[in-house]
Amino acid sequence: MQARVDKLRAALKEAGLEGLLVTSPGNRRYLSGFTGSAGALLITAGEALLFTDFRYVEQAGRQAPAFTVVQYDDLYAALGERLRTVGTGPVAFEAEHVTVAQMDKLREAAGVRWEPVRGIVEKLRAVKEPEELELIQKAIDIADRCFDHVVSHLRPGVTEREVAWWIEAFMREHGAESLAFPPIVASGPNGAMPHARPSERPLAAGEFVTLDFGCVWQGYCSDMTRTVFLGNPAQRDRELYELVLTAQQAGISAVRPGRTGREVDAEARRVIAEAGYGDAFGHGLGHGIGLEVHEEIPRLSARSETVLEPGMVTSVEPGVYLPGFGGVRIEDLVTVTEDGCRVLTKSPKELLCLPV
Ligand code: ZN
Ligand code: ZN
């Protein structure tokens, strides 16, 4: 954690900032190790303070040895007191993680020059340390085993919600501390909704089923999608699946250091557009992941100018969604290496046709 704080201090110095108030839970955990639900960090050149309330004082002391723990009754009063001792330069706050009401209180509490910053900690978080990659891999491994287990039980008649529960139960029983997000189980026409919520609809033969899920291991998330078929697919089903798989492989092949998110997105998108389904792929190709399931850096999308660097982790998840028919999506996590990328998700990707 000390190395992370040092990196942040270097970034603050370069930006001419006196300090940073960290209020995002993910950034707070990343920098300090503290996992409690209440608290803030104040990091300046000379100090690293963790403000929290009575409930978390002991936990904070154990989890965040690089920080001085300050107990508060009122966060703003405690901050105001400490901020009187910092220098005259601007103190940054996380514009994306402070409400207007909180900003008013900050201004009232401390007469420093507050300056909004965006993504300053997120930029550090984007490049994963080897230990972080190991934790992500562990979360992925649980999800991979879950997929193997769940598809061996899929059959017509079980509802989407039942399958979602199997996914949840398996991951929790196999070490996951929580789910990264509520599982998506979308059968038949429901597959046309990229973020469909599992319903009481029973699975039926002759349809695709999209499963999108992930879990958390020691704070780190996994996220994977597979689309399987119940019974015998028609020619069009096979073609659609192969199209999405080809696009996904094109996206993975395009991931390497120096590439922008936009360029990688374009490689996969071209495959789908050339087959005439460009309008049916309406979301970005991928997102960063780590302590949060959706991290802003890197983003693989038409507007992303993020330049990929070794150690970044991203999903690669093209999909085709056809209202009234259904959809296909395939999602892996990859990490950027020195000369390309390594696929972290291990589940097979050839079209799985389950007996009915
Ligand atoms: Zn997903
Ligand atoms: Zn995803």
Side-chain angles (χ1 to χ4, degrees), residues 26 122 125-126 128 133 135-137 139-148 150-151 160 163-164 166-168 170-171 176 178-187 190-198 208-217 220-228 241 244-245 247-249 251-252 254-255 261 264-265 268-269 272 281-304 306 308 312-321 326-336 341 343-349 352:
E122 285 83 349
R125 275 170 62 182
K128 269 62 183 178
L133 285 175
L135 299 177
I136 292 171
Q137 186 69 63
I140 291 172
D141 292 346
I142 294 170
D144 270 332
R145 285 164 64 204
C146 177
F147 176 71
D148 191 49
V150 166
V151 292
E160 293 173 351
V163 178
W166 297 347
I167 292 172
E168 180 163 355
F170 184 95
M171 293 196 296
S178 59
L179 303 185
F181 55 94
I184 294 168
V185 178
S187 65
N190 289 348
M193 297 178 279
H195 274 190
R197 294 187 48 182
F208 280 117
V209 184
T210 299
L211 309 167
D212 184 350
F213 56 94
C215 67
V216 182
W217 173 263
Y220 285 81
C221 298
S222 59
D223 182 9
M224 67 176 284
T225 307
R226 288 294 183 269
T227 303
V228 301
Y241 189 89
V244 175
L245 183 55
Q248 206 239 3
Q249 281 156 344
I252 291 171
V255 173
V264 176
D265 178 271
R269 199 166 296 281
I272 291 173
F281 174 25
H283 58 72
L285 180 67
H287 55 85
I289 186 167
L291 286 169
E292 286 164 290
V293 68
H294 290 127
E295 296 192 352
E296 272 306 312
I297 313 174
R299 199 157 272 278
L300 308 180
S301 75
R303 290 171 306 283
S304 170
T306 307
L308 297 178
M312 286 181 172
V313 177
T314 178
S315 70
V316 180
E317 50 178 308
V320 167
Y321 310 94
V328 174
R329 177 168 69 255
I330 304 170
E331 171 181 30
D332 286 333
L333 296 184
V334 308
T335 182
V336 184
C341 75
V343 180
L344 305 175
T345 311
K346 299 290 188 296
S347 293
K349 289 191 282 193
L352 198 53

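Excluded from the calculations below are hydrogen atoms, water molecules and symmetry mates; all remaining heavy atoms, backbone and side chain alike, are included. Computed from a prediction, not measured in an experiment: that's the story for all the values here. Just follow the structure's listing: the first ligand is 1, and inside any ligand the first atom is 1.
Residues satisfying the ring pair (Phe, Tyr, Trp, His ring centres under 6.0 Å) criterion with H283, sequence neighbours excluded, are F281, Y321.
Below 30°, between 30° and 60°, or above 60°: for H287 and H294 the angle between ring planes is above 60°, a perpendicular geometry.
The two residues L308 and L300 make their nearest non-hydrogen contact at CD2-CD2, 4.4 Å. Of all the heavy atoms in V328 and Y241, the pair that sits closest is CG1-CD1, 3.7 Å.
Of the possible polar contacts, one joining the S222 side chain to the A139 backbone as a donor-acceptor pair under 3.5 Å is found. Side chain of E317 to main chain of R329: no donor-acceptor pair is present (N/O by atom type, distance under 3.5 Å, no hydrogens or angles).
Listed by chain and residue number, the protein N/O/S atoms under 2.8 Å of the Zn ion (ligand 2) are D223 OD2, H287 NE2, E317 OE2, E331 OE2, with waters left out.
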